[in-house]
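See below for the structure under consideration.
Remember, it's 1-based here, ligands and their atoms both numbered in the order they're listed. Counting from 1, the numbers follow the sequence of the chain as shown.
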Amino acid sequence: MKKYSLIVLLLSIGLACCVSTGGRKMPGSGKTPSLKDVFKGDFVIGVALNRTQIEERDSAAAVFIPRQFNAFTPENGMKAALLHPQWDTYNFAEADKIIAYGRKHRMQINGHTLIWHSQLPSFVLRIKDKDSLRRFFAEHISTIASRYDGQVYSWDVVNEALNEDGTLRRSVFREKLGEDYVVEAFRLAQLAAPNTRLYYNDYNIERPWKRAGALALIKKIQAAGVRIDGVGIQGHWHINNLPLEDIEQSILEFSSLGVKVMFTELDISVLPDPAHANGADISRNLAFNAALNPYTNGLPDSLQSRLAGSYEELFRLFLKHKDKIGRITFWGVNDRYSWLNNWPVRGRTNYPMLFDRQFDPKPAFYKVIAVKAGNAVRKQ
Ligand code: 9MR
């Protein structure tokens with residue numbers, strides 16, 4: 001980094017830190033550093049957006065989002081149940097708005113997701129014969145991937161196909177199309193979307209067993225002569241269980257196959273969970289009780305700084321391997337919009353993101369920014 005830009009970066013961080021302790025600011029105000037600018041040249045910074053945010057119906061969010069992020073993933077808006085509700089009916093209205101929003105704000109769009117066992121339209125679950133399922137599979141991928149080719153930057157072609165032990169999950173696709181359905185999904189996507197990056201996306205694939213399954217899957221796709229450009233490690237972690245060594249090993253092993261690594265759904269839960277469970281197994285549901293929801297009036301300082309420390313360690317690792325990483329996406333714009341308020345227990349108050357419920361940066365945000373400044377200083 002040139003000396004001049006280093007000084008500018010340090011000054012803006014210093015200024016922002018002072019301002020942050022003062023009164024309320026406009027969200028996304030010029031005083032707060034911007035993640036996308038601070039990490040420019042390192043990796044793209046993404047966020048999951050819901051329909052209200054894409055339609056810019058929340059004015060605070062509308063200013064805040066394009067200032068902080070240069071990429072996004074529609075949190076639900078491109079899933080099969082919404083886009084393809086019946087055999088011959090596609091509902092492109094929301095997806096078209098997603099494209100228009102990305103174009104307006106020059107944000108990279110990650111399409112999410114073509115093939116997933118969850119959030120499927122109900123007609124698919126009623127399909128009995130293999131041929132009809134194969135027809136749905138091929139038409140769904142070809143129609144959607146070709147319509148948005150080159151308009152989305154990338155697709156999560158297949159999402160969450162693996163069990164925790166690395167074997168292929170039982171799903172309607174595996175049962176009716178056989179174990180090769182993942183390769184077939186990428187083959188169809190490659191044909192329909194020659195100008196779009198193609199990714200495999202899953203949670204807990206940093207863990208050794210599941211990672212081995214993902215590595216084997218990628219090798220199988222490559223051995224079939226089919227294109228796969230990247231792997232998305234979702235990154236749904238718990239503060240008591242941040243697997244830094246596994247994450248580093250995964251970055252190294254995945255990238256050694258010649259694919260880019262993305263962290264696609266980053267968040268860190270701070271709420272009690274008897275299992276400290278990482279991941280996103282949505283069949284896990286615990287009954288609500290008040291002891292599982294202890295911070296309704298705010299996060300204690302001790303936990304706030306532990307969260308900041310966790311994000312700091314993560315970003316130190318990300319920067320160390322920035323040549324192998326394409327994008328870091330946060331799964332929610334701030335604490336209020338995180339799905340972790342409702343999983344694995346519904347109706348809690350969680351604090352997993354870098355920004356609080358008013359869009360104000362938390363200590364974790366400043367730690368993340370400072371990691372970059374520290375790196376720049378060390379390189380002098
Ligand atoms: O955040 C999404 C939430 O709003 C939906 O209700 C849920 C439905 O399954 O999906 C959530 O997003 C998931 C993503 O699509 C795939 N990885 C796990 C995410 C969290 O469950």
What residue and atom, counting heavy atoms only, is the protein's closest point to atom 14 (C) of ligand 1, and at what distance? His112 NE2, 3.4 Å

Taking atom types as modelled, is there a side-chain donor on Arg169 or Ser171 under 3.5 Å from an acceptor on the other? no

Should Phe72 and Asn110 count as side-chain neighbours, where that means a heavy-atom distance under 4.5 Å? no

Is the backbone of Arg227 close enough, under 3.5 Å, to the side chain of Gln190 for a donor and an acceptor to pair up by distance? yes

For atom 13 (C) of ligand 1, state which one of Gln119, Glu75, Lys79, Gln234 supplies the nearest heavy atom. Lys79

Does the ring center of Phe136 lie less than 6.0 Å from the ring center of His84? yes

Quick check on the 6.0 Å ring-centre criterion: do His236 and Trp343 meet it? no

Between Glu160 and Trp116, do the side chains contain a donor N or O and an acceptor N or O under 3.5 Å apart? yes

By number and element, which atoms of ligand 1 are closer than 4.0 Å to a non-hydrogen atom of Glu265? 14 (C), 16 (C), 17 (N), 18 (C), 19 (C)

For Asn159, take its heavy atoms, then give the atoms of ligand 1 lying under 4.0 Å from any of them. 16 (C)

Suppose I only count heavy atoms of Trp339 and a 4.0 Å limit; which atoms of ligand 1 are within that range? 1 (O), 20 (C), 21 (O)

Please verify the inter-ring angle class for Phe315 with Tyr311; under 30° counts as parallel, over 60° as perpendicular, anything in between as tilted. tilted

Please list the nearest protein heavy atom to atom 16 (C) of ligand 1 with its residue and the distance rounded to 0.1 Å. Glu160 OE2, 3.2 Å

Could you check whether Lys210 makes a cation-pi contact with Tyr203, meaning its NZ or CZ is under 6.0 Å from the centre of the six-membered ring and within 45° of the ring axis? yes

Can you tell if the side chain of Leu35 reaches within under 4.5 Å of the side chain of Ile369, non-hydrogen atoms only? yes

Between Trp331 and ligand 1, which part of the residue brings a heavy atom under 4.0 Å of the ligand: side chain, backbone, both or neither? side chain

At under 4.0 Å between heavy atoms, which part of Trp116 makes contact with ligand 1: side chain, backbone, both or neither? side chain

Identify, by atom number and element, the atoms of ligand 1 in contact range of His236, meaning under 4.0 Å from any of its heavy atoms. 18 (C), 19 (C)

Are any of the N/O atoms in Ser118 less than 3.5 Å from those in ligand 1? no

Atom indices of ligand 1, in the order listed, that fall short of 4.0 Å to a heavy atom of Ala280: 18 (C)

Check Asn201 against ligand 1 and report side chain, backbone, both or neither, counting heavy atoms closer than 4.0 Å. neither

Counting both backbone and side chain atoms, is some N or O of Asn76 under 3.5 Å from an N or O of ligand 1? yes

